[in-house]
Amino acid sequence: MNKNTSINLVAVPSFAFSLSFTSKIWQVALDAGTGYMVLELRDEDTQEVKYQLLDLKFLKDKKSFEIPEADWWTTVLRFYHPFLLLERYNDPQNPLSKDLLVYDTLSLSLNHVLTDFQFIQMESGELMGHVPGDQFNEQRWSLGSRTEPLAGSNVRYPVYYAPGSEYYTLVKEFLGMEEAPVGFEYDEYGKNIIISYYERLGTKFDRKLLVMQGDVELYHEVVDTGLNGYASGSFFSFNNLLVFVQNGNQIHAIEL
């Protein structure tokens, strides 16, 4: 990254896809090995939860579905295609009362419910966890023939540079910003520089996304408004796609 406070060259980005929903995109779960991704969509007025399956490798809108066993207090954790893992809280007043749902996105049916299960990780086809609140009471459950995401899968997530760090100062100078109280998410992908940064708007913040290809500004837009502060997960890269959510209900993929 070179210091550059005068960005003048602008290009038009090529979008691999751009999808909008009437509900809020609450969670995004990607299987790095297959490129399949599930969006958790929530309608806060009706408290309805739906799910959308996308294929990032072949850029297909696969299917939308509901999970009858999942309610408003259930949220997506991980996706190991075809199995979607969801955490369901049985008592909103007790965070330790929860189960793990294993949902099959091929058959569109619930595969299994692991009661009193705190998920930690998946290893060699086994879900590893423990009883909530008791980390020494380990639990395991096999997904069968499902293995880990493919080695070398081309997924990248940005690095967070906190205020006061050396790289934070370099990015701030690169952007020519006088004030950047929240920090930056930063990544370099081939010839691309990708930066998520914040601008103060009264007591709130706008989050912007800047994509540079060499000296050319490929994309520079507000992607979130009214934030209270730093929120992780503003973007990720898969193969040659930059994937990000805008305004809470749109998901885009720019070709890099």
Side-chain angles (χ1 to χ4, degrees), residues 17-31 36-56 60-120 122 127 129 131-133 141 196 198 201-207 209 222-236 243-253:
F17 66 80
S18 185
L19 302 174
S20 297
F21 302 92
T22 56
S23 300
K24 184 176 181 178
I25 301 174
W26 193 260
Q27 294 286 353
V28 176
L30 172 70
D31 183 330
Y36 285 108
M37 181 171 66
V38 171
L39 309 180
E40 177 184 329
L41 305 171
R42 292 186 173 226
D43 187 318
E44 295 178 315
D45 293 330
T46 63
Q47 291 203 332
E48 291 181 330
V49 185
K50 296 183 180 181
Y51 306 87
Q52 177 68 50
L53 180 65
L54 302 175
D55 183 350
L56 292 186
K60 292 182 179 180
D61 183 352
K62 300 294 289 185
K63 65 180 80 170
S64 60
F65 56 93
E66 299 181 24
I67 302 177
E69 297 82 2
D71 58 18
W72 191 252
W73 303 106
T74 305
T75 190
V76 167
L77 280 183
R78 299 286 191 279
F79 187 35
Y80 304 110
H81 186 264
F83 298 114
L84 181 65
L85 307 185
L86 306 101
E87 192 169 60
R88 181 178 65 190
Y89 289 87
N90 299 312
D91 181 357
Q93 305 303 318
N94 180 9
L96 297 180
S97 178
K98 57 185 173 182
D99 304 326
L100 186 73
L101 308 185
V102 182
Y103 187 81
D104 189 332
T105 60
L106 288 180
S107 64
L108 296 182
S109 63
L110 188 66
N111 182 277
H112 199 75
V113 178
L114 301 174
T115 58
D116 296 322
F117 190 96
Q118 173 65 65
F119 174 75
I120 300 298
M122 201 265 281
L127 302 181
V131 172
W141 190 77
S196 172
Y198 298 76
L201 187 66
T203 59
K204 303 287 186 176
F205 293 90
D206 280 354
R207 178 161 61 182
L209 184 65
V222 174
V223 294
D224 280 300
T225 60
L227 299 179
N228 292 317
Y230 170 72
S232 63
S234 58
F235 65 89
F236 68 86
V243 182
F244 62 97
V245 173
Q246 184 174 26
N247 296 326
N249 69 338
Q250 303 169 41
I251 186 164
H252 308 290

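Side chains included, hydrogens not; waters and symmetry mates left out as well; all remaining heavy atoms used.
- Summarising the geometry, atom OH belonging to Tyr80 is positioned 11.5 Å from atom CG belonging to Leu30; distances are rounded to the nearest 0.5 Å.
- Within the 4.5 Å cutoff, no side-chain heavy atoms of His252 are placed close to those of Val243.
- From Leu114, atom CG reaches atom CZ of Arg88 across 10.5 Å, with rounding to the nearest 0.5 Å.
- Side-chain contact check for His81 versus Thr105: some heavy-atom pair is nearer than 4.5 Å.
- In this structure the side chain of Thr22 never reaches within 4.5 angstrom of the side chain of Leu41, judged on heavy atoms.
- Lys24 NZ: 12 or fewer foreign heavy atoms inside a 6.0 Å radius.
- Side-chain contact between Ile251 and Ile25: present, with at least one pair of heavy atoms (C-beta onward) separated by less than 4.5 Å.
- At a threshold of 4.5 Å between non-hydrogen side-chain atoms, the residues Asp104 and Phe83 count as touching.
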Which pairs would a plain distance check flag for residues 222-232, meaning a side-chain donor or acceptor within less than 3.5 Å of a matching protein atom at least two apart in sequence or in another chain?
residue	atom	partner	partner atom	Å
Asp224	OD2	Arg207	NE	3.1
Asp224	OD2	Arg207	NH2	2.7
Asn228	OD1	Lys204	NZ	2.4
Tyr230	OH	Glu185	OE2	3.4

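- The environment of CH2 in Trp72 is crowded: more than 12 heavy-atom neighbours from other residues, nucleotides or ligands sit within 6.0 Å.
- Rounding to the nearest 0.5 Å gives a distance of 11.5 Å between CG of Leu106 and CG of Leu84.
- The minimum heavy-atom distance between Gly129 and Phe117, with the atom names listed, is N-CZ, 3.7 Å.
- For Arg42, the salt bridge (charged side-chain N to carboxylate O under 4.0 Å, His left out) partners at least two apart in sequence or on another chain are Glu40.
- Among residues at least two apart or in separate chains, there is no salt bridge (charged side-chain N to carboxylate O under 4.0 Å, His left out) pair with a member in residues 108-119.
- Side chains of Phe79 and Leu53 form a contact here, defined as non-hydrogen atoms less than 4.5 Å apart.
- What you find for Pro92 and Trp73 is that their closest heavy atoms are CG-CE2, 3.6 Å.
- A donor-acceptor pair under 3.5 Å links the side-chain atoms of Gln52 to the main chain of Lys63, judged by distance alone.
- Between Tyr198 and Phe205, the ring-plane angle classifies as perpendicular under the 30° and 60° cut-offs.
- Annotation: side chain of Asn90 is in contact with side chain of Asp99 (closest heavy-atom distance under 4.5 Å).
- Using a 4.5 Å heavy-atom threshold, the side chains of Val49 and Thr74 count as separate.
- Here the straight-line distance linking atom OH of Tyr36 with atom NZ of Lys62 works out to 4.5 Å at 0.5 Å rounding.
- Using a distance-only test at 3.5 Å, with no hydrogens or angles considered, no donor-acceptor pair links the side chain of Asn247 to the main chain of Asn249.
- Scanning all heavy atoms of the two residues, the minimum distance from Asp43 to Ser23 falls at CB-OG, 3.8 Å.
- Of the inter-residue distances, the one linking Ile67 atom CD1 with Leu101 atom CG reads 7.5 Å to the nearest 0.5 angstrom.
- Atoms NZ and OG1, from Lys98 and Thr75 in turn, are 11.5 Å apart once rounded to the nearest 0.5 Å.
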Full working for side chain to side chain contact (heavy atoms under 4.5 Å, CB included) between Leu39 and Leu54: CA-CA 8 Å; Leu39 309 180; Leu54 302 175; 4.1 Å; yes

Chi angles and distances behind the side chain to side chain contact (heavy atoms under 4.5 Å, CB included) call for Ser196, Phe235: CA-CA 8 Å; Ser196 172; Phe235 65 89; 4.0 Å; yes

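- No option in Phe21, Tyr103, Trp26, Phe65 other than Phe65 meets the ring-ring contact (aromatic ring centres under 6.0 Å, His included) test with Tyr51.
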